[in-house]
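The basis for the numbers below is simple: all heavy atoms, side chains too, and nothing from hydrogens, waters or symmetry mates.
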Amino acid sequence: MLELVKQNIHMNRFKNNVATQVTLDDDFIVPDTMDDMTRIILSAGDIQIESVKNQVERVTVKGKLNFQILYRKAEGGLQTMAGNIPFEEPVNVSGLEEKDYLGVAWDLEDLTAGMINSRKVSVKAIVTLVVRVETLYDTEAAVDVVETGPSARDRGGWGTDSDSRWSGPEQGDGGWNGGNRGSDGWNGGNSGDEWGKRARSDGGRGGARQEEDGWNGGEFDDGSWSGRDRGEPGSQPGGQDGGLRGWEAGAGEASGDAGEKVKDLEIMRRQADVAVIAVRRKDTYRIKEDISLSGSKPGIEQILWSDIRLRGTSTKPLDGRVHVEGEVMIFAIYAGEGESAPIQWLEESIPFAGEVDLPEAVEGMVPSISVRLVHKELEAKPDYDGEMRELELDAVLELDMKLYEEKKIELLGDFYSNDRELELESGEVCFDRLLGKNTGKCRIAEKLELNSGDRVLQICHNDGTIKIDDVEIKDDSLQIDGVLEVSLLYLTSDDGEPVKAGTEVVPFHYEAETPGITPDSVYQLNTGLEQMTAVMAGGDTVEVKAVLSLDILVLQPVKEPVILGVKEIPLDLEKLQELPGITGYIVQPGDCLWDIAKRFHTTRKHVMEANALAGDQVKPGDRLILVKEVAGA
């Protein structure tokens, strides 16, 4: 019995992407321990996702908006107020199942902090939550076929005991005996006298004509086509193509043991490129670093404001681990020690590099890894002399890792046998093929007018946030439009309000060439700010330069025809006898050698030999001699 050998393929399938907006609005009272407000200078916030619950067809996202407000006190000086607004948002996700993987991304679209009065603040924000649903699943594809249990030839049962076809355990009149030869049968191991004396003289073109002393070779006789060489009486067919050409050269009867290769099959295989998901996992990477103040700066009495961001992050899979590197950019405003110490600020870049253990990782795998800063804390601490002249950074990165492995899989495309009829059950499976992996750089250079009303003396701090507005698949490329939201903190000539902040947007457009991309393609896009500078260019003009990184992975779902099952049925000898033993054929458009050989009951190898073909390529108009073959007849 024939059995398909199937290979399991581990796939990651994108199912859905749902975006929703959450509006947050709350009022906050300035704590009694803090001074009255006269003006808000800076406000900033980030989203902390606390839990994501899969409730089948619906996701509940729970989290909070953490905000901080830097304001000017009534009697002068700066102070910071912080707080949070919790939220719990249900998101309807069609097709969501309990086993699916959920990823939640967020974007703080707008944050506005306004004074209601000197003791009360209004905080409003618009948050976009994007829920991405993926699922891991296994699909199977037939890659080979083997014989299991007793072979069809050993079992017999094709025809009856007396119709001169193959018999069962005992040979019937002129049949082939599976083990011992009967009166005129074929001996399974060594022939006793000769190959059965039953003469076939029907004059048809159904194989070799047998006479009483064996096979007639080398010529046409009574309209029959014989083998190329005469098989000696009592010899076994095969080596010299004695009589009807049975097994293909180099092939023989399958042994019948479980899992044995079937040697009498003509098999066509085709190669498919598949992007297999090798590993999917989340992990964290922690950064702890001490920062010492320069000798020219006073000690720290209180940290008033801190901004911690990632810049220039990159990842790479290695054997058993994933390498991660980049920079942590730190900006802090603090009150110096001593009553007369002015407000101070500092900017530091902390490079980091390290590895996250991932046993399944192999160097050369294709990564799609997003890196997000999920925890950040900056505290003042004493140095060795007991003075508050050090800052301690504690940051935690979350790595959402997907590693793909490109594999070339040889699928079972088709197969047939010349000694039995095979009915193949066909179907389709969907694979992902890697269409493109691209890390692009988008350079931005723009001059911005601050319009502050006062002369700008110095840029204290700059930072940028990338926001994607639209992604379109067009002209074999992924066309990405978005803005870089530039935040600036600067000093002015106004003694009453020396520190001001502003936000400007710089649009950008990037095209990632991806030949073959279609609307059905699935892309994964991770963005990052690699470099950014903002310098005064005269008057209130600021020149901003930035380099954005866009890490893009594109997968193409491909439907491949596969064989799902096979059924063996007895060979229809009457139908076979009606097929000419030798045929002259002119190749038609759309023909291939495989289809021709299968249709005329022969093999590609024998067609190539009979027609002295150098390869298996044919073209319309070619003339071929086709010789019918019956394995073991």
If you define the side chain from C-beta out and look only at heavy atoms, does anything of T527 sit under 4.5 Å from L525? yes
Is a side-chain donor-acceptor pair under 3.5 Å present for S417 with D419? yes
Step-by-step salt bridge (Lys or Arg N to Asp or Glu O under 4.0 Å) determination, D144 to R269: CA-CA 9 Å; D144 207 347; R269 293 180 171 85; 2.8 Å; yes
For A361 and L403, which heavy atoms make the closest approach, and how far apart are they? CB-CD1, 3.7 Å
I'd like to know whether E109 forms a side chain to side chain contact (heavy atoms under 4.5 Å, CB included) with Q21, so could you lay out the CA-CA distance, the side-chain angles of the two residues, the decisive distance to 0.1 Å, and finally the verdict. CA-CA 9 Å; E109 297 284 352; Q21 282 195 333; 4.2 Å; yes
Criterion side chain to side chain contact (heavy atoms under 4.5 Å, CB included) on D432 and R13, from CA distance to verdict: CA-CA 8 Å; D432 284 334; R13 178 57 41 81; 3.7 Å; yes
Quick one: do R433 and D273 make a salt bridge, cutoff under 4.0 Å? no
Do you see a donor-acceptor pair shorter than 3.5 Å between the side chains of T313 and E325? no
Heavy-atom pair with the smallest gap, counting every atom of E57 and S94: OE1-CA, 3.5 Å
Given salt bridge (Lys or Arg N to Asp or Glu O under 4.0 Å), test D551 with K437 step by step and report yes or no. CA-CA 8 Å; D551 187 50; K437 178 70 170 74; 2.7 Å; yes
Taking atom CD of Q271 as the centre, does the number of heavy atoms from other residues, nucleotides or ligands within less than 6.0 Å exceed 12? yes
Of all heavy-atom pairs linking I552 and A512, the shortest is CD1-CB, 3.5 Å
L318 vs E355 side-chain heavy atoms within contact, under 4.5 Å: yes
With rounding to the nearest 0.5 angstrom, report the CD1 to CG distance, I517 to L478. 4.5 Å
State plainly whether the residues R321 and D283 are in salt-bridge range, i.e. N to O under 4.0 Å. no
Less than 6.0 angstrom from the centroid, inside 45 degrees of the normal: does R280 satisfy that with respect to the ring of Y101? yes
Near K407 NZ, under 6.0 Å, is it more than 12 heavy atoms from other residues, nucleotides or ligands? no
My understanding is that only residues two or more places apart in sequence, or in another chain, count here; which of them pass side chain to side chain contact (heavy atoms under 4.5 Å, CB included) with S549? K441, E530
Are E398 and T284 close enough that a side-chain donor and a side-chain acceptor fall under 3.5 Å? no
Could you tell me if Y585 and R623 have a donor-acceptor pair between their side chains, going purely by distance under 3.5 Å? no
Got I582 and L626 here, is their nearest side-chain heavy-atom distance under 4.5 Å? no
Among L102, V93, N17, N16, side chain to side chain contact (heavy atoms under 4.5 Å, CB included) partner for R132: N17
Is N611 reaching over with its side chain to a backbone N or O of M608, donor-acceptor style, under 3.5 angstrom? no
Just so I know, are the side chains of L108 and W106 near enough to count as touching, which here means a heavy-atom distance under 4.5 Å? yes
Please check: side-chain N/O of K628 versus main-chain N/O of L576, any donor-acceptor pairing under 3.5 Å? yes
Does atom CD of E410 have more than 12 heavy-atom neighbours from other groups under 6.0 Å away? yes
Residues forming a side chain to side chain contact (heavy atoms under 4.5 Å, CB included) with V429, sequence neighbours excluded: T139, F431, V562
Side-chain contact, heavy-atom cut-off 4.5 Å: Y404 with M365? no
Close side-chain approach of K99 to N54, heavy-atom, < 4.5 Å: no
Test item: D476 side-chain N/O and G516 main-chain N/O as donor-acceptor pair under 3.5 Å: yes
State plainly whether the residues E360 and R281 are in salt-bridge range, i.e. N to O under 4.0 Å. yes
Which pair of non-hydrogen atoms, one from A597 and one from V607, has the smallest distance, and what is that distance? CB-CG2, 4.4 Å
With E425, which residues qualify under side chain to side chain contact (heavy atoms under 4.5 Å, CB included), at least two apart? L564
Which heavy atom in L411 sits nearest to a heavy atom in A141, and how many Å separate them? CD2-CB, 3.5 Å
To the nearest 0.5 Å, what is the distance between OG on S368 and OH on Y523? 13.0 Å
Counting only heavy atoms not in R58 (residues, nucleotides, ligands), do more than 12 fall under 6.0 Å from its CZ? no
Contact summary for N526 and S370, nearest pair of heavy atoms: OD1-CB, 3.5 Å
Pairwise side-chain contact, K598 with D414, heavy-atom cut-off 4.5 Å (strictly under): yes
Side-chain heavy atoms of Q556 within contact of T518, under 4.5 Å: yes
Within the supplied structure, the quantity of interest is the number of heavy atoms (other residues, nucleotides, ligands) at a distance under 6.0 Å from K316 NZ; does it exceed 12? no
Lys/Arg N to Asp/Glu carboxylate O, E50 vs K62, below 4.0 Å: no
State which residue, out of Q524, K402, K15, fulfils the side-chain hydrogen bond (donor to acceptor under 3.5 Å, both in side chains) condition with E134. K402
Run the side chain to side chain donor-acceptor pair (under 3.5 Å) test on E629 and H606 for me, step by step, so that the C-alpha distance in whole Å, both residues' side-chain angles and the decisive distance to 0.1 Å come before the verdict. CA-CA 9 Å; E629 311 209 6; H606 292 160; 2.5 Å; yes
For a side chain to side chain contact (heavy atoms under 4.5 Å, CB included) check, start with the C-alpha distance between V18 and N92, then their side-chain angles and the critical distance, and finish with the verdict. CA-CA 8 Å; V18 179; N92 293 323; over 6 Å; no
Do the two ring centres, one from W594 and one from F415, sit under 6.0 Å apart? no
D622 side chain vs K619 backbone, donor-acceptor pair below 3.5 Å: yes
